[in-house]
Each structure stands twice: as structure tokens, then as C-alpha cells.
Amino acid sequence: MSLMELQHEKSERVYTRRQTSAEIVSEARRSLRTLATQRPFTPQEKHRQLFGESSSRARDGRPPSAFSLHARNFEAPDSRPGSGSRLSPLEHKPRLTVFRDEDGREDEAALPKPPAERENTRRDSGGCRARHLRTSSINRLPLMTSHSKSLDRSVEERIDQPEEGEKQHCADVTGHNTKASSEADRHTITKSSRVPQSAQNDVSSGSKPDAYHGLNDTDADDNMDESQYWNSKVLPVLHEIESFAPDDGASEEMVGRMCHACNELHNALAERGMLGRQCKKRSTILRSLFRLVDVGSDRLNLTLAKLILALNVSGNNLVNICKLVFKISRNASNDTLFFTSSVLDSLLSLLQCEDVWSKSEAVLYCVGSLKLLSGNSALASLLLGKDFIGLLLLLSKRLIHCMPQTSFNVTNHRAEGEGQHIIAGHILVQVTAALRNIADQSESRPSFLSSKAFVTLCWIVENHRNDIDICINVARIFSKLSTYTECCYALAETPHCCILFLDLLGKHSRKQDLVVRLLFTLGNLTAKSIEARERVYEEEGGIDVLLDLFQVYQRTPSHPEQHPAPEREDILIKLIRLLANLAIHPTVGTALAANPLCVQLLLQVLESRCVQESEELVINAAATINNLSFYQGESSVVRSQHKHISQLLLKLLLGSSMEGVLEATRVFGNLSQIKDVRRFIVQHKVHQFVVTLIDSKNPDVCFSACGVLINLSADSENRALLRVEGTTQKLIDCLRDFGSQDWHLAAVVCQTLWNCSLDGEMQHSEELLKILRLYTDRGLLQWPSNDGVRQVQEACWELLFLPVAERLRQLGAVF
């Protein structure tokens, strides 16, 4: 029985039933092999920015990475942007009391009048009102005295009275649903968690509770109203903040004091439940904080950002504070600041906002900051512990599936939809880049698997397949994760992923960064998954897309500087590897072996490339021809061109690359089933070279050499030539050295010895019989202590080695 017949018999078992452990071991040494290669190298970006230097987006059409921010860019009081939703009218319609004079006419002096414009108010170039937030324009807080807790009424009213802009938003609906029963109650807001339910009900119904139950005078600090708490706890800290003038410059010591003051303010507000939007004097606090931005300290600005975000700013202020954090994150030396600050939690909370479209610009810079920070492996690990992957995927789903409908006009709706699609694309570039960074962390794989990230990522690409930046980021994620077995199988099971990859290869065939990573990922999938091989082959035009790419990158480009040779060669390496892995499947392999264009392109590689200069490319081409040579039906182009292939293999066999020698020997092991090829081997004395390979200390080389010798020894005229070369002794030595560790190799050696003895002559029979008696006695053999490994070895010994060894032992007993 020839080696080809043995391999074909095993091949049929592989695809008709579940493989046994012995078949798994034997398949590792078959002439049909999957190929491995290195993952495409991705250089790290030199500069931290929203979009990399290789981004496909035009610089003038994308959000900027560099900008300046000052206190004047912030607005106080903070206001909420319009939600675009019409609110229901209030049931209670307060009526204005009209005073009449003695004649019964309305008293105009008693009617409310709009406030007069301030003299220092100006309008900017856009016509919008601009506020001067420098030190001179901010309402400075009153100086603290020993009697600050008993401030006179005029000072209290000046502090408590909201600004005019604040009055316009006093009815703003917040997440805390803070309500006041009447104008007299507006300055008496207490922490809801400390008010009994009955008292809350009284307030909600419009009546004042007479007293809070369960309170006594000993809890003075807890029971003081907001004004008292403000004066005793918050106001002193604000005075300290107000005492610093940003224009005077700041030492490191002063920055430390300001950071400490901001943290104290944060704690004081959190203790009383005054964070968010429920604090009356929120605009006063924000003014004091905004002015510190001009200090220009990254450490202080990050502390400010944490507090300002906790105050639930919105609109332009939210955008600017996210830009401020992004600006800080651009400097890698600031990464340590994010370790000691809880601002990461604030940024992650922003990602969970339901109405992402009203905050799209803020979300963009928020995710951009997290993307830059995730490039730091320590920060990436910290983010992983905060469900970073899950939050990014949830945000992606909102961007894909929750496009708002804001216009009933078809033309306007289409324009708005395109604009929203562009905004979503900008954000998804940051999301996918952050996931790309996180994918480098080994501990990220369980999160990617448990959150079904591959399905979401495929959805992203499907909805933004024309966005090269998004496609490349996702391709990089897949190329990283598909190198791991569990992720590779999960991706292979993702519906339509192979079809999507083939579509991208056809659509963006000139984008080398994208093409090389998609080919690498497909190569990983087809190396492990039978279903992936079938899907690529069964997709209409799928093989044509691959062969078209082969032709494009095989040709010398008209502008070589635009398509450097190393990049083009790397694409060919990944593409040929994919074809080799596809050929493992018998249906696909038979079709590729019968495809003249496929075989011609592979032979062109062997003809035009030198193994010394392009070793991996040439070896991959030879390995693919080896896989195709396994299918030698009448339609096989490989079989019909065996003479030309033999000439090319001879050049490779005589080269200096041991890998090249090994691949050429493997191909000859398949093609030597053809009588003309066997004649070619003898005429060019290739058999002498093959016999010397048995002396190598490499079991793989010995296995491939035996494959050629099995077929050569099928001809009686060749058996004498092999005996002259000392083949028998070399085979016996190989059996003794490797047999007990590799029973598949031992089986092939015994088959070769059997063929060489068909003339009725066996050299060194006594030495051979001694080895066979030892190897055929299970009790005399030493087996591994590991039960799993032992089970596989015993099965391989029993199924592959023992049958042919018993026959050879019986034959040897005759001589």
C-alpha cells in the first residue's frame, strides 16, 4: 500500500465521522497541512489623537484633536440643551395677581418687567450672548468673618438669589425630581433620603409638613437646612477657591491646595446629596470652578473635571469638560493622574447615557479619552475591571439601532440621517480603536466571548463598510483574537462573518492594511474550522475574489512607491496560506486543484521568487501545491503539469533553505505516485538526496523522506538502487531512534521496509526483528504518565503501527 493510499483512507475518515484521538495525531503528519504565519505588525501611533495619521478622513472634515480651552469657553449658569421633545402642559396654571389703582385701572408699576441688559454684556461674532468669566466679572463670594454663620439678610439674599439665566431653568426636570411646594419653599430643600415619606408626600401635595418625625436637637449637623449647611460646610471651601487668582500663576504647592479644596468640596456636596442638579447654588459653584481652568494645570483640571461632571453639567459645558479630559489624556505622562482619580468612573457613566445623540460631541471626546488611556496596559486592566468592553458594545448598539427620527420631510430626514451616520462613524472609530487596544490584554478574551462581541463588531462593519477607519480597527481586533483557539471558533460561528470579509476584500482590494488583516483572520478561521472552509468556498464569487487579489498583488505595480514590495509580499503570504488551508477540505481542494488560474499563480511564485529572499512566500506556495497534489483526479491541473512542477521542486530541493527542502520532499511524496515523476527522481538522482534525509535528526524530515521512498520502492528496478544507497540500515536506525516516541513515523518506516523487501531480500533482518519484538509487546513499552497523552499514544500504536509491524515481523522471520 502506498503512502498516498494510506493518507486517502485517513482523509475519508476525517470527514465522514468524528475523529478518534489516533486520527488527530495522524492528521498532524499528513501531507495535507494547515499553515501558520505571523500576525501583521501594527506600529504604535506616534501621537495621541482622535484619528491616526493614516486615517482616511480629511483633516478639515473631522473633529479636531488639538484645541485651546479657557474659563471663558464655559457657560455659567449651566443650562440644559433642548431635548427636541414637546413637554405636556402643566395642569396648574398660576395666575398673576393684578393690582388696580383707585380708578380701577391696572397699576403698571406693579406689573413685572423684563430685566434690563447689563452694560458689560456683549455679543460675540455669532450673535450669541457671551459672558466674561474672568475674575472681575464673577460675583465674588463674601469674605468670611467670625460671625459668618449669622450673615445679615442682605448678604444671604445676594448669595441665595439665583442669576437671571438660572431663573429661566429653575423648573428644569432633573433625574432627582426635586420639587418645591411654593415660592416660599424654594430656599428650603432638604436631602430626600433624610425626609420621612409622610413629609415628602406633604411637600408633593403642596402643603408644608409641620415637623419631621424622629428628629431631635442632638443631630444638629444632619438636620440643618441647606442654607445652614451651605454656610458652614460649602462656603468656607468656596472662599478658599475664590481667594486664588488664576492670572497670578500657580506653584505646585498652590495646585495641590486647590486640588485638596476641590476634593473637600466634592465630599461636602456628596455628603448632603447636593451633587447633580438639585443644589440651588450650583451655578455659583460652577463659576468658581470654571475660573480655575485658566491655571493650566493638568492635575488641577482633572480634579475639576471629576467634580464638574458630578454636578451633571450639560450642553456646551459638558462638551468642553470632555474636551478638557481628552486634552489631558493626550499626554502619556499624565496617565498616572488617571490612576489616582475616579474620573474614569465619570467617563464610563457618560457612555451609558440613553440619549447619546444630544450629547454626541461630548461622547466622542469621552470615548476618545478612554481610547488613548486604554493604550496603557495598566489602565487597560483597570478599565477591564469596570466592564469597559460591555459598555463600549452597548454604546455601539445604541449608535447602530437607535438613529433618531427628527423630521417628517423626506429630504431633510435624509440629510439629517446622513449627518447622524457621520457622527456615529466618528464615535465608532474611537470605540473600535479602544477595543483594539483592549484586545492586546490576555484577560480581555473572556469579556469578548461572554458579551458576544464578534456579532456586534460584524454589525458595526456591516453598517459602516465604507468607513475604512472602522473596518481596519475591527480587522485588527479580529486578527489579534483569532490567534486564540476559543476566540477563533467563536468568530467562525458568527453568522455571515466570512461573507462580510469577502465583501470587504472585494470592495477595498487596494487598502493593504485592511486586506492583509482580513486574509490573516480568514486563514486562522480556515485552519481550525471545517465550516469556515465551506462558507468561503460556497459564497458566490468568493474564490474569484481571492484569485483576483492574487493577480493584483502578484503583478509589479505601476507606482511601486505607493505599494511597497514588503507589504505586497506579506499580503501574498497570507493569501496563499488561506488557499492552503481551504484545500484541506476535499471538495474545496479538488476544485482548487482543477482551477488553472489558481495553479498557474502558485507556479509563478516558484518561478519568479528566490527562496533566499522570499523564503516564507516560496515555502507557502510549495506547501499549497503539496495540499493540491493530494487530489490527483483526472481534472487535476497539478497532475497534468507534474513535469513542470518537478523541475521547480528540484531547484527548491537543492537550495540552502531546510524548510524549502522539506516542502519539496513533501510534494514529491505525493507526485511520486505518478510513474513519470518517479522516473524523473531517479534520472536526476533525487533519490540519493532523499535517502540522506533519513539520517537527519528531524522526525518531520524523516517522515517526508519515507513518503517518497515508499512510492519509489513500488518499482522493482528502484528497490535495488535503494539497497545500494544503504536505505535499509538507515530506516532501521530511524525506527530505533524515533519509533517509541512517534508511532506514526514508525508505521511509515515499517511500510517502507516492507516495500524494499518485496524482492525476497531483507538486509539486517536480525536487528530489525529484535526492535520489532520490543515494539510489538505492549508490556515492554514505557508509556507517558499523563493519562491523556498515554491514551493517544496507545491508540496510535494500536491503529497505525501494530498492523504493519506484525506483517513486517512475519516477513522477517522467513529470511
Side-chain angles (χ1 to χ4, degrees), residues 71 74 76-78 133 135 138-149 151 155-156 159-160 189-191 193-194 219-246 248 250-313 317 321 324-325 328 336-347 349:
F74 293 85
D78 177 64
L133 294 183
T135 307
I138 296 178
N139 293 336
R140 300 299 294 268
L141 296 171
L143 297 176
M144 288 293 293
T145 66
S146 59
H147 304 288
S148 60
K149 291 187 180 182
L151 293 173
V155 174
E156 268 194 33
I159 296 174
D160 293 345
I189 300 175
T190 55
K191 190 174 181 181
S193 61
R194 301 186 185 275
D219 299 325
D221 186 65
D222 288 342
N223 302 332
M224 64 177 67
D225 61 20
E226 184 174 327
S227 296
Q228 291 174 317
Y229 189 84
W230 171 272
N231 294 333
S232 62
K233 298 287 187 177
V234 179
L235 193 57
V237 183
L238 284 179
H239 273 297
E240 183 177 358
I241 293 175
E242 284 282 342
S243 66
F244 176 73
D248 297 339
S251 63
E252 190 64 29
E253 180 183 357
M254 181 59 68
V255 168
R257 283 178 53 196
M258 289 298 100
C259 290
H260 179 70
C262 290
N263 289 329
E264 280 192 336
L265 179 59
H266 189 285
N267 294 335
L269 295 174
E271 181 182 347
R272 190 66 177 180
M274 297 169 67
L275 293 174
R277 286 180 171 268
Q278 60 268 44
C279 179
K280 271 188 328 182
K281 303 178 181 65
R282 178 169 165 275
S283 59
T284 304
I285 299 173
L286 288 175
R287 288 192 195 94
S288 299
L289 298 178
F290 290 156
R291 61 191 293 277
L292 294 182
V293 172
D294 285 339
V295 175
S297 167
D298 289 343
R299 176 187 171 192
L300 177 58
N301 283 341
L302 197 62
T303 306
L304 290 171
K306 179 184 69 172
L307 178 51
I308 293 172
L309 287 172
L311 289 170
N312 197 18
V313 294
N317 286 341
I321 207 63
L324 185 63
V325 175
I328 297 170
T336 54
L337 298 178
F338 288 89
F339 278 109
T340 57
S341 171
S342 60
V343 73
L344 287 179
D345 296 322
S346 302
L347 298 177
S349 296

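No hydrogens, no waters, no symmetry mates; every other heavy atom, side chains included, goes into these values.
Ile321 is not listed as a side-chain neighbour of Leu304, based on a closest heavy-atom distance of 4.5 Å or more. A heavy-atom distance below 4.5 Å is found between the side chains of Glu240 and Arg257. Looking only at side-chain heavy atoms (C-beta outward), Asn317 and Ile308 stay at 4.5 Å or farther from each other. For the pair Asn263 and Leu307, the minimum side-chain heavy-atom distance is 4.5 Å or more.
Considering every non-hydrogen atom in both Thr303 and Cys259, the closest pair reads OG1-SG, 3.6 Å. Across Ile241 and Arg291, no two heavy atoms sit closer than the pair O-NH1, 3.4 Å. Shown here for Arg277 and Val313, the closest heavy-atom pair between the two residues is NH2-C, 4.1 Å. Shortest non-hydrogen contact noted between Ala268 and Tyr229 is O-OH, 2.9 Å. Taking each heavy atom of Ala270 and Leu275 in turn, the nearest pair found is CB-CD1, 3.7 Å. Nearest approach of Leu292 to Leu300, heavy atoms of both residues: O-CD2, 4.1 Å.
Here Ile285 contributes atom CD1 and Cys262 contributes atom SG; the two are 11.0 Å apart, rounded to the nearest 0.5 Å. Remark: Leu269 CG to Lys281 NZ distance equals 11.5 Å, nearest 0.5 Å. Note that OG of Ser349 and CG of Asn312 are 10.5 Å apart. Values are rounded to the nearest 0.5 Å. In this structure, CG in Leu302 is found 7.5 Å from OG1 in Thr340, a value given to the nearest 0.5 Å. Taking CD of Glu242 as the reference point, atom CZ of Arg287 lies at 10.0 Å (rounded to 0.5 Å).
Scanning for side chain to side chain donor-acceptor pair (under 3.5 Å) contacts around Glu252 gives Arg299, with sequence neighbours left out. Checked against side chain to side chain contact (heavy atoms under 4.5 Å, CB included), Ser342 has the following partners two or more places apart in sequence or in another chain: Lys306, Asp345.
With Ser341 contributing its side chain and Leu337 its backbone, the two residues share no donor-acceptor pair below 3.5 Å.
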